[in-house]
A.B. asks: 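There's a structure below that I have some questions on.
When reading the values below, keep in mind they use all heavy atoms of this one structure, side chains included, and skip hydrogens, waters and symmetry mates. Quick note on labels: first sequence line is chain A, next is B, and so on, each numbered from 1.
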Protein chains: 2
Amino acid sequence: MRKKIIGEKIPTDCKQHLKAFNDTLDILNGKWIVMIIGCLAPGKKQFMELQRVVEGIGSKMLSKELQELELNGLIKRSVQDTKPITVEYELTAYGRTLKPIIDEMASWGKQHRERVIKEMTEKNDF
Amino acid sequence: MRKKIIGEKIPTDCKQHLKAFNDTLDILNGKWIVMIIGCLAPGKKQFMELQRVVEGIGSKMLSKELQELELNGLIKRSVQDTKPITVEYELTAYGRTLKPIIDEMASWGKQHRERVIKEMTEKNDF
DNA sequence: CCGCATCCCTGAGGATACTG
DNA sequence: CAGTATCCTCAGGGATGCGG
């Protein structure tokens, strides 16, 4: 069975814009994806290191998300033939092109959170 | 039970950046959310109009997504006391602040799709 | 160390039917 | 017209255990 690289959420061919948006959304949508990207941003890391840093993720999910990222060309996997085999993951240049989007979303989310909290305290709604 | 406005995907308080990102992601994540926003962009619409334009969505989902959007202050709901009651939905100014993000994601997704397709045809991988 | 296989559970989302 | 209620499905994701 082929792996899904490009999502197919939209049934009718309405609005390419939408399809394109959903492609991006699908990629960023994994529960740990962005955290992994963030952890990989400073430099290459091994599987174990990632699992320790991302804390909370199981090996299954980590491996799965890494595969997805690799399929999409966002990270590079390289096997080192050390004693017990080790594997290094690193962000590709292409992977870094996601940063502006992630940052913008984070920025919007930050001000949104502040906005919501302000509203709540004003209305004394809790 | 209180409605969820701000997501709580991240357990430990690691990285505010991440939390902020996920707030935005949660909002945009509904299957129909962006399509609804897109349909509302040109101007106000009624429930039925939306359901017709978005085609494929059921009334349950539409109503649920609209409520979420309203809770987040992205759209405004106004009841008209016409013969059989009608309701109008419209994007708020705040809701429009999402446009840059949506556009950027769509743009990235578009070039990503092209990139993937190009790779596939090159490798003759299918 | 790096994963894959397996089982299980939860929640998003669809179908359908019903009210004001 | 504008929803709400109910039931059902299915894929995302967690826990655990095994093999190279």
A.B. asks: Would you say dC1(C) has OP1 or OP2 under 4.0 Å from some side-chain N or O of Tyr89(A)?
C.D. replies: no

A.B. asks: Measure the shortest side-chain to side-chain distance between Leu62(A) and Ile36(A) over non-hydrogen atoms and say whether it is less than 4.5 angstrom.
C.D. replies: yes

A.B. asks: Between the protein and nucleotides 14-17 of chain C, are there any N/O to N/O pairs under 3.5 Å, and if so, what are the atom names and distances?
C.D. replies:
unit_1, atom_1, unit_2, atom_2, d
dG14(C), OP1, Lys31(B), NZ, 2.4
dG14(C), OP2, Trp32(B), NE1, 3.1
dG14(C), N7, Lys60(B), NZ, 3.3
dG14(C), O6, Lys60(B), NZ, 2.2

A.B. asks: For Thr82(B) and Thr86(B), which I'm curious about, is there any donor-acceptor pair between the side chains at under 3.5 Å?
C.D. replies: yes

A.B. asks: With sequence neighbours left out, which residue pairs that include part of residues 96-108 of chain B fulfil the salt bridge (charged side-chain N to carboxylate O under 4.0 Å, His left out) condition?
C.D. replies: Lys99(B)-Asp103(B)

A.B. asks: Select one nucleotide: of dG3(D), dC1(C), dA2(D), the one nearest the side-chain heavy atoms of Pro84(A).
C.D. replies: dC1(C)

A.B. asks: Please examine the side chains of Leu66(B) and Arg77(B), heavy atoms only from C-beta on, and report whether any two atoms are closer than 4.5 Å.
C.D. replies: no

A.B. asks: The side chain of Lys64(A) is closest to which nucleotide in this list: dT4(D), dG13(D), dC1(C)?
C.D. replies: dG13(D)

A.B. asks: Side chain of Ile85(B), heavy atoms from C-beta onward: which of dC1(C), dG3(D), dG20(C) has the nearest atom to it?
C.D. replies: dG20(C)

A.B. asks: Return the value, rounded to whole Å, for the distance between atom CD of Gln67(B) and atom P of dG3(D).
C.D. replies: 8 Å

A.B. asks: Does dG3(D) have OP1 or OP2 under 4.0 Å away from a side-chain N or O of Arg77(B)?
C.D. replies: yes

A.B. asks: Is the closest side-chain heavy-atom distance between Ile85(B) and Gln80(B) below 4.5 Å?
C.D. replies: no

A.B. asks: With respect to the phosphate group of dC1(D), does any side-chain polar atom (N or O) of Gln80(B) fall under 4.0 Å of OP1 or OP2?
C.D. replies: no

A.B. asks: Are the side chains of His112(A) and Ile27(B) in contact, using a 4.5 Å heavy-atom criterion?
C.D. replies: yes

A.B. asks: Is Ile37(B) reachable from Met48(B) through a run of I, L, V, M, F, W or Y residues, each pair having side-chain heavy atoms under 4.5 Å apart?
C.D. replies: no

A.B. asks: What is the distance, rounded to the nearest whole Å, between atom CD of Glu65(A) and atom P of dA11(D)?
C.D. replies: 17 Å

A.B. asks: Leu66(A) has an atom CG; how far is it from atom P of dC1(C), in whole Å?
C.D. replies: 16 Å

A.B. asks: I need the single residue from Lys110(B), Gln111(B), Lys118(B) that forms a side chain to side chain donor-acceptor pair (under 3.5 Å) with Glu114(B). Which is it?
C.D. replies: Lys110(B)

A.B. asks: Using five pairs at either end of the helix from dC1(C)-dG20(D) to dG20(C)-dC1(D), determine the angle between the two local helix axes and round it to 10 degrees.
C.D. replies: 40°

A.B. asks: Can you tell me the distance, in whole Å, between the CZ atom of Phe47(B) and the C1' atom of dT19(C)?
C.D. replies: 14 Å

A.B. asks: If you measure from CG on Leu28(A) to CE on Met105(A), what distance do you get to the nearest 0.5 Å?
C.D. replies: 6.0 Å

A.B. asks: Check whether Val53(B) and Ile75(B) end up in the same hydrophobic cluster, where Ile, Leu, Val, Met, Phe, Trp and Tyr are linked by side-chain heavy atoms less than 4.5 Å apart.
C.D. replies: no

A.B. asks: Would you kindly give the CD-to-P distance between Gln46(B) and dA2(D), to the nearest whole Å?
C.D. replies: 5 Å

A.B. asks: Mind calculating the distance between CD1 (Ile36(B)) and P (dA2(D)) to the nearest angstrom?
C.D. replies: 14 Å

A.B. asks: Regarding Gln51(B), tell me which of base, sugar-phosphate or nothing describes its non-hydrogen contacts under 4.0 Å with the strands shown.
C.D. replies: nothing

A.B. asks: Output the rounded distance in Å from CG (Asn29(A)) to C1' (dG12(D)).
C.D. replies: 10 Å

A.B. asks: Could you state the CG-P distance from Asp81(B) to dC1(D), rounded to the nearest angstrom?
C.D. replies: 17 Å

